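Below: one structure, written as structure tokens.
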Amino acid sequence: MQRDTDKNKQRPALDRLHHISFVVADLDKAVARYEQLLGVPVAERGPVATRGAEVAIFRLANVNLEVVAPATEDSSLHAYLAEHGEGFFHIAFGVEDVDNAYQQLKAAGVAMQSEPYTAYKDWRISYMDETLPGDVRLHILPADSE
């Protein structure tokens, strides 16, 4: 019989926060506001073709802050924004190996929404089916993704 502690050894620890993400309707307006509020310029900005979105990333001392907006009206992000409004969107955990972590999470009984795929830049990610209160999504990506 497998003990819970044995099962937890097979599951990767989600102990590294890579970024937190907020969804907004107007990325230009949000970037200007975040730059003013944080006192740092946006570090990078670009399209996320797989999600029909555009993202802006602020590199803070201890975590990245991502602001994302739908780029097309037929994107899943546009539908999410219409249903939930602007606000906290997801938490991304950094892992050493996304494919291995994905397999370990599935084996430990964590429901995964997607197999690993490449999204923004060369980030390999996988979303979990599980969410936090407020429908905050969770995903994994390589800890060294920049």
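Everything numeric here is computed off the predicted structure, so don't read it as measured data. Throughout, residue positions are numbered sequentially from 1 according to the sequence presented.
Residues forming a side-chain hydrogen bond (donor to acceptor under 3.5 Å, both in side chains) with Glu96 (at least two apart in sequence, or on another chain): Arg16. Applying the salt bridge (Lys or Arg N to Asp or Glu O under 4.0 Å) criterion to Asp28, with sequence neighbours excluded, gives Arg45. The side-chain hydrogen bond (donor to acceptor under 3.5 Å, both in side chains) check on Asp99 picks up Arg124, with sequence neighbours excluded.
Of all heavy-atom pairs between Phe58 and Val31, the closest is CZ-O, 3.9 Å. Between Val110 and Glu130, the closest heavy-atom pair is CA-OE2, 3.9 Å. Annotation for Ser126 and Tyr102: closest pair OG-CD1, 3.4 Å, computed over non-hydrogen atoms. Annotation for Pro70 and Leu77: closest pair N-CD2, 3.6 Å, computed over non-hydrogen atoms. For the pair Leu81 and Val24, the tightest heavy-atom approach, listed with the atom from each and the gap, is CD2-O, 3.7 Å.
By the 4.5 Å heavy-atom criterion applied to side chains, Ile140 and Leu14 are counted as neighbours. Within the 4.5 Å cutoff, no side-chain heavy atoms of Val67 are placed close to those of Val55. Between Thr118 and Trp123, every side-chain heavy-atom pair lies at or beyond the 4.5 Å cut-off.
Annotation: side chain to side chain donor-acceptor pair (under 3.5 Å) contacts involving residues 30-39, sequence neighbours excluded, comprise Arg33-Gln36. For residues 126-146, the ring-ring contact (aromatic ring centres under 6.0 Å, His included) pairs, not counting sequence neighbours, are His19-His139, His90-Tyr127, His90-His139, Tyr127-His139. Sequence neighbours left out, the pairs with a member in residues 56-72 that pass salt bridge (charged side-chain N to carboxylate O under 4.0 Å, His left out) are Glu44-Arg59.
A side-chain contact (heavy atoms from CB on, under 4.5 Å) with Leu65 is found for one member of Val42, Ile57, Leu60 and no other, namely Leu60.
Side-chain N or O atoms of Glu54 include none that pairs as donor or acceptor with a backbone N or O of Leu27 at under 3.5 Å.
Taking the six-membered ring for Trp and the full ring otherwise, the centers of Phe22 and Phe89 sit at least 6.0 Å from each other.
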